[in-house]
Amino acid sequence: MSDNGATPFPTQLAVSCGFCCGTTDVNWFCKSCPGSLCNTCKMSHPSIPVFKNHIVVPRTNDVMRLYGPSKIAEQCRLHPEKEISTYCIDCQVPCCATCLVQKHKKHDISTIEDAYLSAENRLNDNVKELEKNVIPTIDQMVDKTKKERSEKRVHIDRVREEVNTFRKELKEAVDESCDYLVEKLEHNETELDNLITKLNVQKGKIHELIKEVNEIIQKGDLSMIKYSPPSPSTFISEFPTQRPTIPVFSPGRDILTIIKERIGTVELTEINPESKQTPIPAAKFDPSMINVNKVTSFSSKIHATSITTAGNNTAWVMMDCYSDTMYLYDSSGGMVRSITVKGSDGINDMVITRSGEMIVTYWHRKVRRVSVSGEVSTLIDTSPFRPYGVCLTDSEDVVVCMSGQDEKNNHVAVYSPDTGKKLREIRGIDGQGKQQITYPYRVVSNGKDLCVVNWNPDHVVCVDERGDVRWLYNRKEAKLTNSFTPRGISVDKYNNLLVTDKKNTCVHYIDREGRLIQIILTQEQTGLVGHWGICVDDKTGQVWVGDVMKNVVMICKYLS
């Protein structure tokens, strides 16, 4: 045993002293050299001037685990000729003596051994915590979930039976209605057959009359003078005047929507993390539900030109073009975390996929994917266009607003979420052949429609899945004082749109057909003076609105 009672490092490998090469009593280790020392060399080591300040310690298991061959040979990446010897606590990087002098003079420094031991202890503590608390907790949750699954099995089977019974009844009703339509067609076909039969009978009568007249003519007697056959017009008058029409099937497309709305729902316990989707309304929207109430507000670090809810009462706040950092806030205004992408020249917009990944548009003509673990990869190079607003379709295709120098070439592009391949371009050509998407700034998916905030001229354009313009909203029916300046757009669970209007300091609440329902979240109701970014959290029924004049984010309830 060594002087201080530490357990010496095993010497069964006949370790020799690094100075006298002896193999007896090699119980010490010099951290600074580094190298093993016997008892005699340990005593003389500090007496040599060049070794005066070296640190000599007992050759224990812990020391050799740190300073063994696999640890002491690591070289500095910046200065390969130097070995790593210290650790900068401020910068959280290992460094050699040259790094220490050049970049870390006034920083908090520790030895690499202490940093290694500290990290090892921390990781060991984490492992112990996982083994002691986290794994048992997960085991309890698994057991509890299995028990709940067993308890709910009976109810699930019952509900499944009810759904299937309803499915059968619905199919029977559809079959009955379609059978009736087919029967009408067959009846119409029978009427046509009857008409042909009547015409053939009439034709037969005419042939008999012609035969009778010819026989009288052939006799050549005076009876021909008195004979008066029926006039041809008599037969013509008996011809049917109503002509059959070609049958046309007019499917009741609205019935599909009605069925989806009225079939009903099954209430399920939420298990998976929530994801932003636009569901089919479970109940019809009623304008009397509009009731604006302020929940809270807080100061943001940047102009909130873009807001995206992230679940659990949180939302990401961004400032397009000028900030390369986006901030995650909770509903009380507390900043949960931030993400900075150096060299991005500004984050324009982002959307979160169902799996929790983020699709982010950057000012420097890139669309990138940020995985749940934080890995960043480029999904799309949008050159020469700058990507602004981004959203996902129901099938999670990526939709991006593309703006460049030429407004005629600006468009909304749809990409594959897996390969980043462009699937189609949308320019919003209306019935008169005019392009309505000239400077797309923000976009949301509303069922199979895409609703685009266009900047210059300022309006909202709705296009269907083929890219045809369905409607154009320019606030004329709102009768406001200032010109319409739409900047942010979001869609709620009723498929209604909320569009911020900066100059009129309000939000236009529009139905999915582009008709104004009501002006809400006005300056009088909220105190906001620069409405811009907006996002609805369907989970809480709250709307987040960013004020770029005050650097404030406000959370409100807008429906009772």
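Note: hydrogens, waters and symmetry copies are ignored here, and every other heavy atom, side chains too, is used.
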Undergrad: Using only atom types and a distance under 3.5 Å, with no angle test, would you say the side chain of Q525 pairs donor to acceptor with the backbone of T522?
TA: yes
Undergrad: Just do the side chain to side chain contact (heavy atoms under 4.5 Å, CB included) check on V399 and V412 with the steps written out, would you?
TA: CA-CA 7 Å; V399 183; V412 171; 3.3 Å; yes
Undergrad: Using a 4.5 Å cut-off on heavy atoms from C-beta on, say whether the side chain of V390 contacts that of V398.
TA: yes
Undergrad: Quick check against the 3.5 Å criterion: does T308 have a side-chain atom that pairs as donor or acceptor with the backbone of M350?
TA: yes
Undergrad: At what distance, to the nearest 0.5 angstrom, does CE of M358 lie from CZ of R368?
TA: 13.0 Å
Undergrad: Do any pairs count as a side chain to side chain donor-acceptor pair (under 3.5 Å) and have a residue in residues 548-560, sequence neighbours left out, and if so which ones?
TA: H303-N551, D492-Y558
Undergrad: Provide the full list of side chain to side chain donor-acceptor pair (under 3.5 Å) pairs with a residue in residues 175-187, sequence neighbours left out, each pair given once.
TA: H187-E191
Undergrad: Is R365 positioned over the aromatic face of F385, cation under 6.0 angstrom from the ring centre and no more than 45 degrees off axis?
TA: no
Undergrad: Who passes side-chain hydrogen bond (donor to acceptor under 3.5 Å, both in side chains) against N482, sequence neighbours left out?
TA: none
Undergrad: What's the shortest heavy-atom distance between C535 and I307, and which atoms?
TA: CB-O, 3.3 Å
Undergrad: Is there a side-chain contact between N456 and T438 (heavy atoms, below 4.5 Å)?
TA: no
Undergrad: Can you check whether V360 reaches Y362 side chain to side chain, under 4.5 Å on heavy atoms?
TA: yes
Undergrad: If you compare all heavy atoms of V317 against all heavy atoms of A304, which two are closest, and at what distance to 0.1 Å?
TA: CG1-CB, 3.6 Å
Undergrad: Please tell me whether N312 and T314 have a donor and an acceptor in their side chains that are separated by less than 3.5 angstrom.
TA: no
Undergrad: Closer than 3.5 angstrom, by distance alone: can the side chain of N446 be matched with the main-chain N or O of L450 as a donor-acceptor pair?
TA: no
Undergrad: Please enumerate all residues that pass side-chain contact (heavy atoms from CB on, under 4.5 Å) together with D397, with sequence neighbours excluded.
TA: T393, S395, V414, P417, L423
Undergrad: For atom CZ of F298, decide whether the heavy atoms of other residues, nucleotides or ligands shown that lie under 6.0 angstrom number more than 12.
TA: yes
Undergrad: Out of the candidates R442, R487, R475, only one should pair with D458 under the salt bridge (charged side-chain N to carboxylate O under 4.0 Å, His left out) rule; please name it.
TA: R487
Undergrad: Of all residues at least two apart in sequence or in a different chain, which pass the side-chain contact (heavy atoms from CB on, under 4.5 Å) check with I290?
TA: F285, Y509, I517, Q518, I520, L559
Undergrad: Start with the C-alpha distance between S288 and D286, add both sets of side-chain angles, then the distance that settles side chain to side chain donor-acceptor pair (under 3.5 Å), and finish with yes or no.
TA: CA-CA 5 Å; S288 65; D286 185 349; 2.9 Å; yes
Undergrad: Using modelled atom types only, decide if a donor and an acceptor are shared between the side chain of T361 and the backbone of Y388 within a distance under 3.5 Å.
TA: yes
Undergrad: Where do I302 and S323 come nearest, in terms of heavy atoms and distance?
TA: CG2-OG, 4.0 Å
Undergrad: Give, for atom NE2 of H459 and atom CG of L472, the distance between the pair rounded to the nearest 0.5 Å.
TA: 5.0 Å
Undergrad: Of all residues at least two apart in sequence or in a different chain, which pass the ring pair (Phe, Tyr, Trp, His ring centres under 6.0 Å) check with F484?
TA: Y473, H508
Undergrad: Is the side chain of T500 donor-acceptor paired with the backbone N or O of W532 at a distance under 3.5 Å, no angle test?
TA: yes
Undergrad: Quick one: pull up CD1 in I156 and CZ in R160 and give me the separation to the nearest 0.5 Å.
TA: 7.0 Å
Undergrad: For R470 and D449: C-alpha separation, side-chain torsions, deciding distance, then whether salt bridge (charged side-chain N to carboxylate O under 4.0 Å, His left out) applies.
TA: CA-CA 9 Å; R470 289 192 62 239; D449 296 338; 2.7 Å; yes
Undergrad: My understanding is that only residues two or more places apart in sequence, or in another chain, count here; which of them pass side-chain hydrogen bond (donor to acceptor under 3.5 Å, both in side chains) with R369?
TA: E357
Undergrad: Applying side chain to side chain contact (heavy atoms under 4.5 Å, CB included), run through V536 and T309 and close with a yes or a no.
TA: CA-CA 7 Å; V536 176; T309 55; over 6 Å; no
Undergrad: Within a strict 4.5 Å, meaning less than it, do heavy atoms of the S403 and N410 side chains meet?
TA: yes
Undergrad: Answer yes if the side chains of D349 and S306 hold a donor-acceptor pair under 3.5 Å, and no otherwise.
TA: yes
Undergrad: Are the side chains of C556 and T526 in touch, meaning some heavy atoms are under 4.5 Å apart?
TA: yes
Undergrad: I need the minimum non-hydrogen distance between N454 and P440, along with the two atoms involved.
TA: OD1-N, 3.7 Å
Undergrad: Using the test side-chain contact (heavy atoms from CB on, under 4.5 Å), find all partners of S331 that sit at least two apart in sequence or belong to another chain.
TA: N313, W544, I555
Undergrad: Does Q435 use its side chain to pair, donor to acceptor, with the backbone of G428 at less than 3.5 Å?
TA: no
Undergrad: By the salt bridge (Lys or Arg N to Asp or Glu O under 4.0 Å) test, which pairs, at least two apart or in different chains, include something from residues 425-435?
TA: K422-E425, E425-R427
Undergrad: Are the charged groups of R466 and D468 less than 4.0 angstrom apart, N to O?
TA: yes
Undergrad: side-chain contact (heavy atoms from CB on, under 4.5 Å) with S297: which residues, sequence neighbours excluded?
TA: K294, V552, M554
Undergrad: List the steps, then state whether side chain to side chain contact (heavy atoms under 4.5 Å, CB included) holds for V491 with N496.
TA: CA-CA 6 Å; V491 60; N496 295 329; over 6 Å; no
Undergrad: Under the 3.5 angstrom rule, does the side chain of N504 hit a backbone N or O of C506 as a donor-acceptor pair?
TA: no
Undergrad: Calculate, to the nearest 0.5 Å, the distance between atoms CD1 and OG1 belonging to I534 and T305 respectively.
TA: 13.5 Å
Undergrad: Go through V201 and K205 one step at a time and tell me if the side chain to side chain contact (heavy atoms under 4.5 Å, CB included) criterion holds.
TA: CA-CA 6 Å; V201 170; K205 289 181 179 179; 4.1 Å; yes
Undergrad: Counting N and O atoms only, with roles assigned by atom type, does the side chain of N348 sit under 3.5 Å from a partner on the main chain of P387, one being a donor and the other an acceptor?
TA: yes
Undergrad: Does a side-chain heavy-atom distance below 4.5 Å link N200 with I196?
TA: yes
Undergrad: Going by the salt bridge (Lys or Arg N to Asp or Glu O under 4.0 Å) test, which pairs reach into residues 497-509, not counting sequence neighbours?
TA: none
Undergrad: Less than 4.5 Å apart, side chain to side chain, heavy atoms only: is that true for I339 and W316?
TA: yes
Undergrad: Which heavy-atom pair separates L521 from V507 by the least distance, and what is that distance?
TA: CD1-CG2, 3.7 Å
Undergrad: Locate the shortest heavy-atom distance separating C401 from Y441; write the atom from each residue and the value.
TA: SG-C, 3.9 Å
Undergrad: Can you tell if the side chain of L528 reaches within under 4.5 Å of the side chain of T505, non-hydrogen atoms only?
TA: no
Undergrad: Above 12 or not: heavy atoms from other molecules or residues under 6.0 Å from CE of M549?
TA: no
Undergrad: Would you say D537's side chain and K539's backbone share a donor-acceptor pair under 3.5 angstrom?
TA: yes
Undergrad: Residues two or more places apart in sequence or in another chain: which of them pass side-chain hydrogen bond (donor to acceptor under 3.5 Å, both in side chains) with S416?
TA: T419
